[in-house]
Amino acid sequence: MPKAKGKSRRQKYSYNVNRKRLYRSARRRAAPRIACSHIRHAWDPTKSVAQNLAEMGLADDPNKAIPIPKKKLLGMEVESGGRGQGKKIVRKPYVVNEMEYEASLPEKKSNTLSRDLIDYVRYMIQNHGENYKEMARDEKNYYQDTPKQIKTKINVYKNFYPEEYKDFVASLKQEKMDVQ
């Protein structure tokens with residue numbers, strides 16, 4: 001039996017269908033995606049973006065918030081604001097205060113080494129001590145690191161975890177003393 005005529009043909013785009021009407025109401029209700037939790041909690045979906053930001057004491061356009069003064073002539077005084085802008089009322093100052101407090105906190109160090117690298121360095125130090133040439137010939141040197149590369153890896157470990165490295169070396173010395 002022959003195939004149906006329209007099955008093998010490519011579907012054509014229908015230009016007559018109004019797709020905007022379908023999504024218009026959903027777009028109106030959707031609030032903008034806000035990354036900062038302080039702004040998100042103070043956001044009022046019934047107001048515009050500019051109104052919301054003005055209430056929080058934030059600027060939607062940095063060029064309008066702090067205009068660049070223009071000089072009329074080189075020797076003349078700098079022209080002030082130009083137009084007389086009235087002070088905006090900040091109804092939600094806690095948003096800016098919380099953001100300033102959060103920005104003033106010290107940044108946490110998130111530098112860590114992988115568990116594999118830590119195990120690799122500990123194994124090499126435990127079996128070979130400070131002999132980097134032996135470490136390079138070791139069977140666990142899968143990536144065929146040169147003695148200099150192994151030395152830099154050990155130095156990185158020393159810099160990241162200085163107390164842990166000292167404790168590890170001290171425990172190795174105690175093991176050697178116990179064996180003798």
(request) In sequence, state the C-alpha distance, the side-chain angles, and the governing distance for V121 and F168, and then conclude on side chain to side chain contact (heavy atoms under 4.5 Å, CB included). (result) CA-CA 11 Å; V121 168; F168 178 65; over 6 Å; no
(message) Between Y132 and E130, is the side chain to side chain donor-acceptor pair (under 3.5 Å) condition met? List the steps.
(response) CA-CA 6 Å; Y132 300 111; E130 294 290 318; 3.0 Å; yes
(request) Would you check, one step at a time, whether the test side chain to side chain contact (heavy atoms under 4.5 Å, CB included) holds for E100 with N97? (result) CA-CA 5 Å; E100 285 175 352; N97 295 337; 4.2 Å; yes
(message) Apply side chain to side chain contact (heavy atoms under 4.5 Å, CB included) to residues R115 and I118 and explain how you reach the verdict.
(response) CA-CA 5 Å; R115 190 75 234 162; I118 293 171; 3.5 Å; yes
(message) As a quick check of understanding, evaluate side chain to side chain contact (heavy atoms under 4.5 Å, CB included) for M124 and D138, giving each step before the final call.
(response) CA-CA 8 Å; M124 290 297 183; D138 194 289; 3.9 Å; yes
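Side chain to side chain, Y123 and D119 fail the donor-acceptor criterion of an N or O pair below 3.5 Å. Looking at Q149 and Y143, their side chains never bring a donor and an acceptor atom within 3.5 Å of each other.
Distance check: I154 CD1 to Y120 OH gives 8.0 Å after rounding to the nearest 0.5 Å. With values rounded to the nearest 0.5 angstrom, N159 atom CG is found 11.0 Å from T152 atom OG1. Distance check, rounded to the nearest 0.5 Å: NZ of K153 to NZ of K148 gives 15.5 Å. How far CD1 of I66 is from NZ of K64: 14.5 Å, rounded to the nearest 0.5 Å. For the atom pair CE (M99) and OG (S104), the distance works out to 12.5 Å, reported to the nearest 0.5 Å. A distance of 6.0 Å separates OG of S37 from CD of E102, quoted to the nearest 0.5 Å.
The nearest pair of heavy atoms linking I150 to M135 is CG2-SD, 3.4 Å. Shown here for A59 and L53, the closest heavy-atom pair between the two residues is O-CD1, 4.2 Å.
Here the side chains of D167 and Y161 are not in contact, with every heavy-atom distance at 4.5 Å or above. Residues K176 and L172 form no side-chain contact, since every pair of their non-hydrogen atoms from C-beta on lies 4.5 Å or further apart. Proximity of E55 to V90: side-chain heavy atoms (C-beta onward) are nowhere separated by under 4.5 Å. Looking at Y157 and L113, their side chains come closer than 4.5 Å, going by heavy atoms from C-beta outward.
Under the 3.5 Å distance criterion, the side-chain polar atoms of N52 are matched with a main-chain donor or acceptor of D44. Between the side chain of Q51 and the main chain of S48, a donor-acceptor pair closer than 3.5 Å is present. Although no hydrogens or angles enter the test, the distance criterion places no donor-acceptor pair under 3.5 Å between the side chain of N141 and the main chain of R137.
For R40, the CZ atom counts as densely surrounded, since its 6.0 Å shell holds more than 12 non-hydrogen atoms of other residues, nucleotides or ligands. The number of heavy atoms from other shown groups lying within 6.0 Å of NZ (K158) is above 12.
Taken together through direct or relayed side-chain contacts under 4.5 Å among Ile, Leu, Val, Met, Phe, Trp and Tyr, Y94 and I39 form part of one hydrophobic cluster.
Note on E98 versus K92: no salt bridge recorded, every NZ/NE/NH1/NH2 to OD/OE distance being 4.0 Å or above.
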